Amino acid sequence: MPTSLINRKTLDFLLFDWLKADQYLHHNAKQMHHRASLAALLDRAAALAAEKLGPCQRLSDEHEPVLEHGIVSMPPEIRNALHAMRDQGFFGLTQSTNDGGQGLPVLVERACFALFAAANPAVAAYPQISLACARTIQDWGTPAQISQYAKPMFAGRMFGTMCLAEQQAGSSLGDIETRAVPDGPNAYRLYGHKMWVAGGAHTMADNIVHLVLARVPDDHGNLIPGVRGLSLFLVPALIRHGNGETVTQNDIAVTGINRTMGYRGLVNCSLSFGEGVHRPGGKAGATGWLIGPLHRGLAPLLQLMNEARAGTGLFAASIASAGYQLSLRYAKERRQGRAWADKSATSPQIPIIQHDDVRRMLLRQKCYSEGALALSLYCARLSDEESAAPDADLRRHATLLRELLTPVAKCWSAQWGLQANHLAIQIFGGIGYTRQCPAEQLFRDNRLNAIQQGTHGVQALELLSKKLRLEDGTALELLGETMHKTLLKAGQHDVLAVHGKHLARAMHLLARVTRQLLSDDQQQRAMAQASPYMEAFGHIVVAWIWLDLALCCDQIAARTDAHFCAGKLAALDYFYLWELPVAELTLNQMMQADKSVIGFSDLSF
C-alpha cells in the first residue's frame, strides 16, 4: 500500500498555492503556524492514516460489528485507530488555543480528514460525524451543554450521532413521529424509533451524544404536523449526575444493525428511545435537552446537515483519490502486452500504463478525483471566509456561495467519484473484481455517498427549488462573478484563452436553462429535470475549477516540478474535450422542456 492514498503534491498545491490556507488562521494561532508547520501537520496526518487507519481498512470490512445482549462490539484495531487520532489532537484542530485546540482553519481540518478517509473512510467517519454534532452544540447549545458535551467531543472523549430518519420518514423529515414530552425544568422524555444511525452504538468512547429530531406537543397535547413542529434534542447514551461520578444508562436500546454494502467498519444501527429498557429517574423515556429554539429545530439541523453533506463530498473525493492512486501504481508495475507497433512476440511485455486505453482511464480518474477534492476544499475555504473575512459583505458572500455549492460538492463528488472507482477496478482487470483487491472495497464504500445525507435526487431538488433562489438569486450571481474573474485571467493567457471561451459558452447555456426552469409555469416538469440539471451544473463548476487550477499552475511553474504542471494541464484539456461537452449536451436536451417522465400512467412502467 502506498504511504498516502492522496497525492501530497496535489494536496499541498490545493491548500497553499490555490486556496492560501495560511491566510485563514485564527488570530491567536498566527504566531504558531505557517506553511511549513501546516505541511508538517499533514505529514503527521498521512503517517497516522498509513500506520493506524489503513491497516484496519480490510479488517473492518471483514469483521463487521456484532450485537450481543444490547452491546455492539468492534475489532480493537478500530478503537486503537480512533484513540490515536484523539491522542494526536485531530478532533480539536479548529478549536481555539484557549480551549485546547490549535486554532486551525476548517480547510486544514478537511485536508487532514481527506487523508484519513482515503485510508479508511469507515473509521474516519466516526470523528467526522462527531465534529459536526459538536459544532452544532457549540453554536446552538447552552453554556452547560457546551461544557458537558461539546468540549469532550472536540477532545475525542465523546462521540456524536445524528438521529433523524425513521421507517416512514427518510428524507421526508416532516413525517417524523418521535415525540419529546416536557419532563421538569428544561428536560424532555423522548419516545420513538430511529433508523440508519451511523456510529449509534459502540464502546469506543466515554459517551455517545445523540442529536435527535422529535416533536413536542402543543399546549393541548397535539403534535404540530410538518417541519414547523420539529425540535432538536441532545440525548446522551449515559447521563452523568452531580460531579459526574454517578452514571445512569439512558432509555436507549439498539434494535438492530444494518448490514451495509460498504463502510462496514462504521456501525449503522436502529435505535429505540423510551421503551423502558432502561429507566433513568425510575421511569421510561429517554432523557434529553433542547438544542436551539422550540419548534424550530430545522435551523440547527440545517447547520448539522450542511456540514455532514460537505463531509460526504470530501469522503467521496478521498475514496476516489485512493482508487486512482492504487490503480496508477498497479498500472506502472503490471506488465502485459506490447506496444501497438511492436509485432514481435519475443519482445518484453510493457507496463500497462503505456497502453493508450489505460492512460485514458487514469486521466479520467485524475479529472474526477482531483476535481472533486478541489471542489470540497474550496467549500471548506468558504467556511473559513464566513468567520475570518475582514468585511461583513465578504462573510455574507462566502455564506451564500457555500450554501449554493454544498449540494453540488456532495452530489458531484459522490457520482463521479464512484465512476473513478469503477475505472480503477477496470484497470486492475480480473483481480479488481475480487475481494482481495482494495479497489473492490473502495467501490462498495463510495456507493454509499450518493445516498447518505440526502439522496442525489433530493439534493438536486434542493439546488433547483431553493439554493438557486437564495436572496433572489444573489448566490448564483456571486458564483457567476467568481467564475467570470477566472475567465478574464484566462483571456489574457495564450494557451488557456480557448478554454476560457469554451467555459463562457457553457456558462451562458447554463444561465439560459436556469432561467427557463425557474420561470417554467409547470413546476412538475421543471423538477423532473432536477438531477440532469445538477449533473450539468456540477460539471461546469468543476470545469471552472480546473481552469483556475491551470492558471495557478502557470503562476508557480518556475518553482515546481514541470511534470506536475503538465499533468494538471493534461487533465484540463481532457475535461474540456470530453466532459464539458457532456454538460452542454444535457443542457441542450433540457431546453426541449421534456415531459416524458411525467406524461404517462404509473401502470405503464
Side-chain angles (χ1 to χ4, degrees), residues 4-6 11 14 45-46 48-49 53-54 56-57 60-61 78 81-82 85 90-91 106-133 160-162 196 198-199 260-268 304-326 365 368-380 383 405-421 424 438-439 441-456 459 538:
S4 174
L5 293 176
I6 289 182
L11 189 58
L14 294 175
L48 178 58
L53 277 76
C56 63
Q57 162 78 328
S60 65
D61 189 66
I78 296 178
L82 289 168
M85 294 177 69
F90 283 103
F91 281 72
V106 172
L107 174 57
V108 174
E109 179 192 83
R110 298 269 172 87
C112 290
F113 271 79
L115 294 165
F116 298 145
N120 193 329
V123 171
Y126 287 97
Q128 188 264 329
I129 297 168
S130 295
L131 291 174
C133 293
T161 78
M162 304 162 54
W196 315 117
T260 54
M261 178 180 178
Y263 274 81
R264 292 177 176 173
L266 176 64
V267 181
N268 189 301
L304 177 61
M305 291 296 295
N306 278 333
E307 181 165 349
R309 287 164 181 162
T312 298
L314 179 73
F315 275 45
S318 302
I319 298 170
S321 296
Y324 170 52
Q325 292 299 320
L326 289 171
Q365 281 190 78
Y368 292 155
S369 61
E370 293 185 8
L373 182 61
L375 176 56
S376 292
L377 293 178
Y378 178 76
C379 289
S383 295
L405 289 176
T406 292
V408 181
K410 188 268 185 190
C411 289
W412 195 91
S413 301
Q415 181 175 4
W416 301 104
L418 183 68
Q419 180 63 26
N421 290 119
Q441 182 180 343
L442 291 171
F443 183 88
R444 287 188 287 108
D445 285 340
N446 218 354
R447 184 60 187 86
L448 170 65
N449 290 313
I451 301 171
Q452 71 169 344
Q453 310 304 345
T455 64
H456 185 88
Q459 293 300 298

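Below, each value reflects all heavy atoms present in this structure, side chains not excepted, and no hydrogens, waters or symmetry copies. No experiment lies behind these values; they were computed from the predicted model shown.
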Inset, instruction - Measure the CD-CG distance between Q325 and L442 for me, rounded to the nearest 0.5 Å. - result: 11.5 Å
Inset, instruction - Find the distance between OG1 (T312) and CE (M305) and round it off to the nearest 0.5 Å. - result: 8.0 Å
Inset, instruction - List the atom of N446, the atom of A320, and the distance in Å for their closest heavy-atom pair. - result: ND2-N, 3.8 Å
Inset, instruction - Tell me, with the steps shown, if F116 and V123 meet side chain to side chain contact (heavy atoms under 4.5 Å, CB included). - result: CA-CA 8 Å; F116 298 145; V123 171; over 6 Å; no
Inset, instruction - Enter the distance from D61:CG to C56:SG here, rounded to the nearest 0.5 Å. - result: 11.5 Å
Inset, instruction - Please identify each residue that fulfils side-chain contact (heavy atoms from CB on, under 4.5 Å) with A118, with sequence neighbours left out. - result: L5, I6, S318, A322
Inset, instruction - Decide if atom CZ of R447 counts as having more than 12 heavy atoms of other residues, nucleotides or ligands within a radius under 6.0 Å. - result: no
Inset, instruction - For the pair K410 (side chain) and T455 (backbone), establish whether a donor and an acceptor sit closer than 3.5 Å, ignoring hydrogens and angles. - result: no
Legend entry - Spacing of CG belonging to L326 relative to CD belonging to Q365, to within rounding of 0.5 Å: 9.5 Å
Inset, instruction - Could you check W196 against Q452 for side chain to side chain contact (heavy atoms under 4.5 Å, CB included), going step by step and ending with a plain yes or no? - result: CA-CA 9 Å; W196 315 117; Q452 71 169 344; over 6 Å; no
Legend entry - Any donor-acceptor N/O pair, R110 side chain to L377 backbone, under 3.5 Å: no
Inset, instruction - Return the minimal non-hydrogen interatomic distance between L131 and F91, and the atom names on each side. - result: CD2-O, 2.9 Å
Inset, instruction - Ignoring hydrogens and angles, tell me if any N or O in the side chain of Y368 forms a donor-acceptor pair with the backbone of Q415 under 3.5 Å. - result: no
Inset, instruction - Specify whether W412 and W416 have parallel, tilted or perpendicular ring planes, treating 30° as the upper limit for parallel and 60° as the lower limit for perpendicular. - result: tilted
Inset, instruction - Verify, without hydrogens or angle tests, whether R309 (side chain) and P407 (backbone) share a donor-acceptor contact under 3.5 angstrom. - result: no
Inset, instruction - Decide yes or no on side chain to side chain contact (heavy atoms under 4.5 Å, CB included) for Q441 and R264, but give the supporting numbers first. - result: CA-CA 10 Å; Q441 182 180 343; R264 292 177 176 173; over 6 Å; no
Inset, instruction - With rounding to the nearest 0.5 Å, note down the distance linking OG in S60 to CG in N120. - result: 4.5 Å
Legend entry - Interatomic spacing from CD1 in I78 to CD in Q57 - rounded to 0.5 Å: 10.0 Å
Inset, instruction - Grab the two heavy atoms, one from A374 and one from L14, that are nearest each other, plus how far apart they are. - result: CB-CD2, 3.9 Å
Inset, instruction - Grab the two heavy atoms, one from C411 and one from Q459, that are nearest each other, plus how far apart they are. - result: SG-CB, 3.2 Å
Inset, instruction - Would you check if P127 and L82 make a side-chain contact, meaning some heavy-atom pair closer than 4.5 Å? - result: yes
Inset, instruction - Would you confirm whether D445, through its side chain, and Y263, through its main-chain N or O, come within 3.5 Å as a donor-acceptor pair? - result: yes
Legend entry - Sidechain-backbone polar pair: N449 side chain, F315 backbone, donor-acceptor under 3.5 Å: no
Legend entry - Sequence-distant partners of S130, side chain to side chain donor-acceptor pair (under 3.5 Å), two or more places apart: none
Legend entry - For L53 against A81, the heavy-atom pair lying closest together: CD1-CB, 4.2 Å
Legend entry - Heavy-atom pair of closest approach, residues C112 and F90: SG-CE2, 3.9 Å
